[in-house]
Asks: 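Here it is: the structure, laid out below.
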Amino acid sequence: MIEKITLADQAYKVLRDMILSGELKPGETLVQDQLAEELGISRTPLLHALKLLESENLIIRNNNHRVSVRQFTLEEMIVLFEIRESLESLACRYLAPLVTKDEVARFKEDFTQAYQKGDSEEYRKVDNVFHLFVAEKCPYLDLKTMLIRSGFMTKCLIKGLIRPPEETYQEHMEILDRFETHDPFGAEEKMRIHIQKTVKRLREMQSLTN
């Protein structure tokens, strides 16, 4: 629940996080009165928040003016991840000299705890936070805008874990190792490999449906 004194952009962030976490599921119709009540806001900031989400293609409006969470096809996800391969890898290059040892240690601990517990949902949350961290902490505004303010990273992360923690845990550790040593091109390369493997998995999933 958010305070009534907050602005529409806070409602937007809450709804975006609900979509990202899967609390609002792909294809789910958004009941505006119910959402306004849950968030503790009036319809006016809610409508503004929905317009922002719609402008980012995170929600869609049908002919009856009902809005629902967008569903992405495998083909759409492949295109998003191919774009992400270039953008997020580049963000890692620029971010690597700036990441602190405390930030690296925190992510290593969070990933390790979730992995050792075998908790996929907790691991997904850490994964989301990590990749959003890379995008949000990127020091170059134009690249950050492409990753975050366009809704791009939310669209990439909306499907959840495409590969299991058993496959990606070590990949995350290797990216973090490059951050720890402030290795820009190493961090870029490890993130590129990480995303390329996910693109390959998406293509395998696509081939099974054809």
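For the single chain, residues carry numbers from 1 onward in sequence order. These numbers come from the heavy atoms of this one structure, side chains and all, not from hydrogens, waters or symmetry mates.
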Asks: Kindly compute the distance separating CG (Leu47) from CD1 (Ile41), expressed to the nearest 0.5 Å.
Replies: 9.0 Å
Asks: Just wondering, do Tyr12 and Pro45 contact through their side chains at under 4.5 Å, heavy atoms?
Replies: no
Asks: Determine whether Leu20 and Val129 fall in the same hydrophobic cluster, where Ile, Leu, Val, Met, Phe, Trp and Tyr are linked whenever their side-chain heavy atoms lie under 4.5 Å apart.
Replies: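 Yes; Val129 is reachable from Leu20 via cluster members.
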Asks: Please report the C-alpha distance between Ile148 and Leu132 in whole Å, then the side-chain angles of each, then the deciding distance to 0.1 Å, and finally whether the side chain to side chain contact (heavy atoms under 4.5 Å, CB included) criterion is met.
Replies: CA-CA 8 Å; Ile148 293 293; Leu132 288 172; 4.0 Å; yes
Asks: Taking the side chain from Tyr123 and the backbone from Tyr169, do they hold a donor-acceptor pair closer than 3.5 Å?
Replies: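 Yes.
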Asks: Hey, does Leu90 have a side-chain heavy atom less than 4.5 Å from the side chain of Met191?
Replies: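 Contact flag for Met191/Leu90 side chains = no.
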Asks: Looking at residues at least two apart in the chain, or sitting in another chain, which of them share a side chain to side chain donor-acceptor pair (under 3.5 Å) with Glu189?
Replies: none
Asks: How far apart are the closest heavy atoms of Leu39 and Ala11, and which atoms are they?
Replies: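 That would be CD1-CB, 4.5 Å.
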Asks: Test of understanding: with ring pair (Phe, Tyr, Trp, His ring centres under 6.0 Å), list the residues that count as partners of Phe152, not counting sequence neighbours.
Replies: none
Asks: Only counting residues at least two apart or in another chain, list the ones meeting ring pair (Phe, Tyr, Trp, His ring centres under 6.0 Å) with Phe130.
Replies: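 Phe130 satisfies ring pair (Phe, Tyr, Trp, His ring centres under 6.0 Å) with Phe107, Phe111, His172 once adjacent residues are dropped.
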Asks: Test of understanding: clusters of I, L, V, M, F, W, Y form through side-chain heavy atoms closer than 4.5 Å, transitively. Do Leu157 and Val79 belong to the same one?
Replies: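 Same cluster.
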Asks: How long is the straight-line distance from OG1 of Thr209 back to CD of Gln206, given to the nearest 0.5 Å?
Replies: 6.0 Å
Asks: Less than 4.5 Å apart, side chain to side chain, heavy atoms only: is that true for Glu88 and Arg192?
Replies: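 Side chain of Glu88 against side chain of Arg192, heavy atoms only: no contact under 4.5 Å found.
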Asks: Applying ring pair (Phe, Tyr, Trp, His ring centres under 6.0 Å), can you list everything that pairs with Tyr140, at least two apart in sequence or on another chain?
Replies: Tyr94
Asks: Is any side-chain heavy atom of Leu50 less than 4.5 Å from a side-chain heavy atom of Leu15?
Replies: yes
Asks: For Thr112 versus Lys108, what's the shortest heavy-atom pair and its separation?
Replies: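 What the structure gives for the nearest pair is OG1-O, 2.7 Å.
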Asks: What are the two closest non-hydrogen atoms of Gly151 and Leu58, and how far apart are they?
Replies: O-CD2, 4.2 Å
Asks: Checking side-chain contact (heavy atoms from CB on, under 4.5 Å) between Val67 and each of Ile60, Leu53, Asn62, Leu30, which is the one that passes?
Replies: Leu30
Asks: Under a 3.5 Å cutoff, is there a donor and acceptor pairing between the side chains of Tyr115 and Glu122?
Replies: no
Asks: So that I can tick it off, tell me whether Glu188 and Arg178 are bridged by a salt bridge, with the cut-off set at under 4.0 angstrom between side-chain N and carboxylate O.
Replies: no
Asks: Is there any salt bridge (charged side-chain N to carboxylate O under 4.0 Å, His left out) pair reaching into residues 123-147, and which pairs are they, with sequence neighbours excluded?
Replies: none
Asks: Write out all pairs satisfying ring pair (Phe, Tyr, Trp, His ring centres under 6.0 Å) with one or both partners inside residues 27-84, taking only residues at least two apart or from two chains.
Replies: none
Asks: Kindly indicate whether the side chain of Arg163, heavy atoms from C-beta on, has any atom under 4.5 Å from the side chain of His194.
Replies: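 SC-SC contact between Arg163 and His194 confirmed.
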Asks: Check side chain to side chain donor-acceptor pair (under 3.5 Å) between Glu28 and all other residues, then give those that pass, not counting sequence neighbours.
Replies: none
Asks: Does anything in residues 43-52 pair up under salt bridge (charged side-chain N to carboxylate O under 4.0 Å, His left out), and if so which pairs, sequence neighbours excluded?
Replies: Asp33-Arg43
Asks: Measuring from Cys138:SG to Leu95:CG, what's the distance to the nearest 0.5 Å?
Replies: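 It comes to 7.0 Å.
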Asks: Do Val14 and Met18 pass the side chain to side chain contact (heavy atoms under 4.5 Å, CB included) test, and can you show the C-alpha distance, the side-chain angles, and the key distance before you say yes or no?
Replies: CA-CA 6 Å; Val14 171; Met18 291 172 72; 4.0 Å; yes
Asks: Do you know the tightest heavy-atom contact between Ala96 and Ala187?
Replies: CB-CB, 4.1 Å
Asks: Please, which pairs that meet salt bridge (charged side-chain N to carboxylate O under 4.0 Å, His left out) have at least one residue in residues 68-79, sequence neighbours excluded?
Replies: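 Passing the test, one end in residues 68-79: Arg70-Glu76.
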Asks: Ala36: which residues meet the side-chain contact (heavy atoms from CB on, under 4.5 Å) condition with it, sequence neighbours left out?
Replies: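 Here the qualifying residues are Leu46.
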Asks: Do Ile59 and Ser68 have side-chain heavy atoms sitting under 4.5 Å apart?
Replies: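 Contact flag for Ile59/Ser68 side chains = no.
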Asks: Side chain to side chain donor-acceptor pair (under 3.5 Å) with Glu82: which residues, sequence neighbours excluded?
Replies: Arg203
Asks: Pair Met153, His131 - check side chain to side chain contact (heavy atoms under 4.5 Å, CB included), show working.
Replies: CA-CA 8 Å; Met153 283 300 293; His131 288 288; 3.8 Å; yes
Asks: Would you check if Glu180 and Asp177 make a side-chain contact, meaning some heavy-atom pair closer than 4.5 Å?
Replies: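 When only atoms from C-beta onward are counted, Asp177 and Glu180 do touch, with a gap below 4.5 Å.
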Asks: Spell out, as yes or no, whether a donor-acceptor pair under 3.5 Å connects the side chain of Glu103 to the backbone of Thr100.
Replies: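 Side chain of Glu103 to backbone of Thr100: a pair is present.
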Asks: To the closest 0.5 Å, what do you measure between OG1 (Thr198) and NZ (Lys159)?
Replies: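 NZ of Lys159 is found 12.0 Å from OG1 of Thr198.
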Asks: Checking Thr168 against Glu171: is there a side-chain donor and acceptor pair closer than 3.5 Å?
Replies: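 Not at all, the side chains of Glu171 and Thr168 share no donor-acceptor pair under 3.5 Å.
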Asks: Report yes if some heavy atom in the side chain of Glu56 is under 4.5 Å from a heavy atom in the side chain of Leu52; otherwise report no.
Replies: no
Asks: Indicate if Met205 and Ile195 have the same hydrophobic cluster label, given that clusters are the connected sets of ILVMFWY residues with side-chain heavy-atom separations under 4.5 angstrom.
Replies: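 They do share one cluster, since a chain of ILVMFWY contacts under 4.5 Å joins Met205 to Ile195.
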Asks: Looking only at heavy atoms, what is the nearest atom pair of Cys156 and Arg84, with distance?
Replies: SG-CD, 3.7 Å
Asks: Give the C-alpha distance, both sets of side-chain angles, the deciding distance and a yes or no for side chain to side chain contact (heavy atoms under 4.5 Å, CB included) between Gln170 and Met173.
Replies: CA-CA 5 Å; Gln170 189 57 42; Met173 293 298 105; 4.1 Å; yes
Asks: In Å and rounded to the nearest 0.5 Å, what is the CZ to CG distance from Phe179 to Leu98?
Replies: 10.0 Å
Asks: Measuring from Lys197:NZ to Ile162:CD1, what's the distance to the nearest 0.5 Å?
Replies: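 Result: 15.0 Å between the selected atoms.
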Asks: With the threshold set at 4.0 Å, does a side-chain nitrogen-carboxylate oxygen contact exist between Arg201 and Glu167?
Replies: yes
Asks: Quick one: side chain to side chain donor-acceptor pair (under 3.5 Å) partners of Glu166, sequence neighbours excluded?
Replies: none
